[in-house]
Amino acid sequence: MGSEAPIQILLVSYPAQGHINPLLRLAKCLAAKGSSVIFITTEFAGKNMRTVNNITDKSTTSIGDGSLTFHFFDDGLPEDDPIRPSLSGYSEQLELVGRKFLSELIQNHAESNKPISCIINNPFLPWVCDVATEHDIPSALLWIQSAAVFVAYYNYFHKLVRFPTDSEPYIDVQLNSSFALKYNEIPDFLHPYSKYPFLATLILEQFKNLSKVFCVLVDTYEELEHDFIEYVSEKSILMRPIGPLFNNPKIKDASDIRGDFVKRDDCNIVEWLNTKPKGSVVYISFGTIVYLPQEQVDEIAYGLLDSRVSFLWVLKPPPKEVGRKPHVLPVGFLEETSGRGKVVKWGPQEEVLSNSSVGCFLTHCGWNSSMETLTLGVPVLTFPAWGDQVTNAKFLVDVFGVGSRLGYSQIEDKLVTRDEVKKCLLEAMAGEKAEEFKKNAIKWKKAAEVAVATGGSSDRNLDEFMEDIKKHGSV
Ligand code: UDX
């Protein structure tokens, strides 16, 4: 490094686990490349993050040639405020408080001669780039879903292709000139039957503001999603794939800086996995937001009992504020599966998927989980609930070739029976199909390693992004 002052970058995250994880990983990558990074989210999330992980508010940690500081702000609501679980009400409140907080922070930095060079946000905070524009600071978006899903929203927003409507609910949707999705494979917030239309509105707000960001960073890699990255670039949007962020070798030393909201179960998960034969365990997790109906949990439990496979199952209790009942396992389930199965509330997913005993991931197909499993070479059984998960499941099965379908999206409202669970589990763990899935998964793992290694496509994109920020600063 030369003697020039490090560039200061603000990263602003929506306070949800699936949003914080990729943005925090990006924060560490940018710091490792020499920037001073300030990671911002709400105090409500920050309180959990500090309790569970070894992080503190406003103290600075060195990472590589740069540094990372956390800054949590009060969202102005009491912990049990009834607005909190309402996405629309909460988003309005967050914008109100967040705009003011961010503006003051930028002002303070300018006054203390440490001007902010760039601001990056993740989805659900479309107003961040307005604040950046008001202060004449370049801003970028970290898109935390796939490039293909970005294309779906882009096409919808600009009305470039036909999408299902009330009168034509079952039509296919063209993503680019050579690839179409069926009506039940599109991000289902865009379908007229979606139970969560507000989520489409919230995501599309970002597309309204797209001309204000100079770059869209994506947690994917060129080799995985070339055609969709190219499609976006043809629309004159600078899209830079920089993933898989979690597996970037430059941030290995900072692996203890994490944003988990839930404490890992203290039951030696990795040690237990180490006692199991290679490829013998199925790992089951539905991410941080999806809650299955109790009767679906029952069917999965009986499928596990009947198949007799070894398993590690993350069954997390619902957050207090959503007021749901925790799941109950069938009587005698834990005793009958003792030794071959483990049920936990939260685990170290990256370490779990890296463990050679794990042969398959039964996943809800959130994009973080999808990237983690693809780039650690673990085949999948897909069980999406809604949104982009439905599209990710399609890609994992039919495009990337790393697994088969098990569950249906919530719109389809179908129960997967214990017999289906048993059959799919047994097929996924051994046999010809399982070998094919593993072979493909290893191919994507190797491609991902090359992408994030020094000089690889994602590494170069991150370097070029930093260069772009410096250029903006010097004009
Ligand atoms: C949300 C949306 O639901 C998803 O559709 C979108 O793609 C991203 O935002 P979420 O449901 O939380 O994400 O799932 P996912 O994207 O898979 O993120 C979950 C994260 O939690 C992963 O990084 C995973 O490693 C981590 N995790 C999960 C753990 O560390 N431990 C666990 O026990 C479970």
Side-chain angles (χ1 to χ4, degrees), residues 13-26 45 48-49 52-53 87 122-125 142-150 152-153 186-190 194 196 199-200 202-203 218-220 243-247 255-267 269-270 273 283-292 311-319 322 342-355 358 361-376 378 380 382-396 409-410:
S13 182
Y14 187 80
Q17 189 79 72
H19 290 230
I20 285 176
N21 282 8
L23 198 67
L24 182 52
R25 290 161 180 168
L26 173 62
N48 289 328
M49 287 164 69
V52 173
N53 312 276
L87 196 54
N122 50 24
F124 295 5
L125 307 168
L142 175 68
W143 178 251
I144 59 165
Q145 300 180 359
S146 71
V149 168
F150 184 94
Y153 282 108
I186 60 171
D188 70 1
F189 303 145
L190 296 177
S194 169
Y196 311 103
L199 275 161
L202 193 54
I203 294 170
V218 195
D219 193 1
T220 186
L245 285 166
F246 86 95
N247 215 13
S255 58
D256 58 332
I257 304 177
R258 297 180 58 87
D260 293 8
F261 291 1
V262 185
K263 196 170 164 17
R264 293 174 185 191
D265 281 39
D266 198 10
C267 60
I269 294 170
V270 174
L273 287 173
Y283 170 60
I284 307 170
S285 166
F286 289 85
T288 57
I289 308 168
V290 170
Y291 278 84
L292 295 181
F311 63 89
L312 172 66
W313 187 357
V314 179
L315 202 57
K316 42 176 204 319
V322 300
K342 225 181 210 324
V343 180
V344 298
K345 294 193 182 75
W346 188 254
Q349 181 160 304
E350 296 153 49
E351 280 175 65
V352 168
L353 291 171
S354 309
N355 196 288
V358 175
F361 182 12
L362 196 172
T363 170
H364 75 309
C365 310
W367 186 242
N368 294 299
S369 292
S370 301
M371 277 302 273
E372 288 160 12
T373 201
L374 270 171
T375 58
L376 290 170
V378 180
V380 296
T382 63
F383 209 124
W386 32 251
D388 65 320
Q389 297 157 20
V390 179
T391 315
N392 299 341
K394 158 78 181 171
F395 274 82
L396 288 166
S409 76
Q410 280 181 6

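By convention here, the first residue in the shown sequence is residue 1. Counting starts at 1 for both ligands and their atoms, following the listed order.
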Part of Lys316 within contact of ligand 1 (heavy atoms, under 4.0 Å): neither

Val314 contact mode with ligand 1 (heavy-atom cut-off under 4.0 Å): side chain

Starting from [atom], what is the nearest protein heavy atom, named by residue and atom, and what distance separates them?
{"atom": "atom 3 (O) of ligand 1", "value": "Gln389 NE2, 3.1 Å"}
{"atom": "atom 16 (O) of ligand 1", "value": "Asn368 ND2, 2.9 Å"}
{"atom": "atom 22 (C) of ligand 1", "value": "Glu372 OE2, 3.5 Å"}
{"atom": "atom 13 (O) of ligand 1", "value": "Gly18 CA, 3.8 Å"}
{"atom": "atom 33 (O) of ligand 1", "value": "Gly347 N, 2.8 Å"}
{"atom": "atom 7 (O) of ligand 1", "value": "Asp388 OD2, 2.6 Å"}
{"atom": "atom 12 (O) of ligand 1", "value": "Thr288 OG1, 2.3 Å"}
{"atom": "atom 1 (C) of ligand 1", "value": "Ile289 CD1, 4.0 Å"}

Per atom 20 (C) of ligand 1, closest listed option by heavy atom (Val149, Leu312, Asn21): Asn21

Option whose closest heavy atom lies nearest to atom 34 (C) of ligand 1, chosen from Phe246, Trp346, Phe124: Trp346

From Ser369 atom OG to Gln349 atom CD, the distance as rounded to the nearest 0.5 Å: 4.0 Å

State, to 0.1 Å, how close [X] and [Y] come at their nearest heavy-atom pair, and which atoms those are.
{"X": "Ile20", "Y": "Ala45", "answer": "CD1-CB, 4.1 Å"}
{"X": "Ile269", "Y": "Val352", "answer": "CG2-CG2, 4.1 Å"}
{"X": "Arg25", "Y": "Leu245", "answer": "CB-CB, 3.8 Å"}

Among the heavy atoms of [X], does any lie under 4.0 Å from an atom of ligand 1?
{"X": "Arg25", "answer": "yes"}
{"X": "Glu350", "answer": "no"}
{"X": "Val290", "answer": "no"}
{"X": "Arg264", "answer": "no"}

With heavy-atom distances below 4.0 Å as the criterion, list the atoms of ligand 1 near [X].
{"X": "Arg258", "answer": "30 (O)"}
{"X": "Trp386", "answer": "3 (O)"}
{"X": "Trp367", "answer": "6 (C), 7 (O), 16 (O)"}
{"X": "Ser285", "answer": "34 (C)"}

Taking atom types as modelled, find out whether [X] and [Y] have a side-chain donor-acceptor pair closer than 3.5 angstrom.
{"X": "Trp367", "Y": "Asp388", "result": "no"}
{"X": "Asn122", "Y": "Ser13", "result": "yes"}
{"X": "Glu372", "Y": "Asn368", "result": "no"}

Backbone or side-chain N or O of Gln145 under 3.5 Å from ligand 1 N or O: no

Worked check of side chain to side chain contact (heavy atoms under 4.5 Å, CB included) between Trp313 and Lys342: CA-CA 6 Å; Trp313 187 357; Lys342 225 181 210 324; over 6 Å; no

Angle between ring planes, [X] versus [Y], binned at 30° and 60°: parallel, tilted or perpendicular?
{"X": "Phe189", "Y": "Tyr196", "value": "perpendicular"}
{"X": "Phe286", "Y": "His364", "value": "tilted"}
{"X": "Tyr14", "Y": "Phe124", "value": "perpendicular"}

Sidechain-backbone polar pair: Lys345 side chain, Val262 backbone, donor-acceptor under 3.5 Å: no

Salt bridge (Lys or Arg N to Asp or Glu O under 4.0 Å) against Lys316, all qualifying residues, sequence neighbours excluded: none

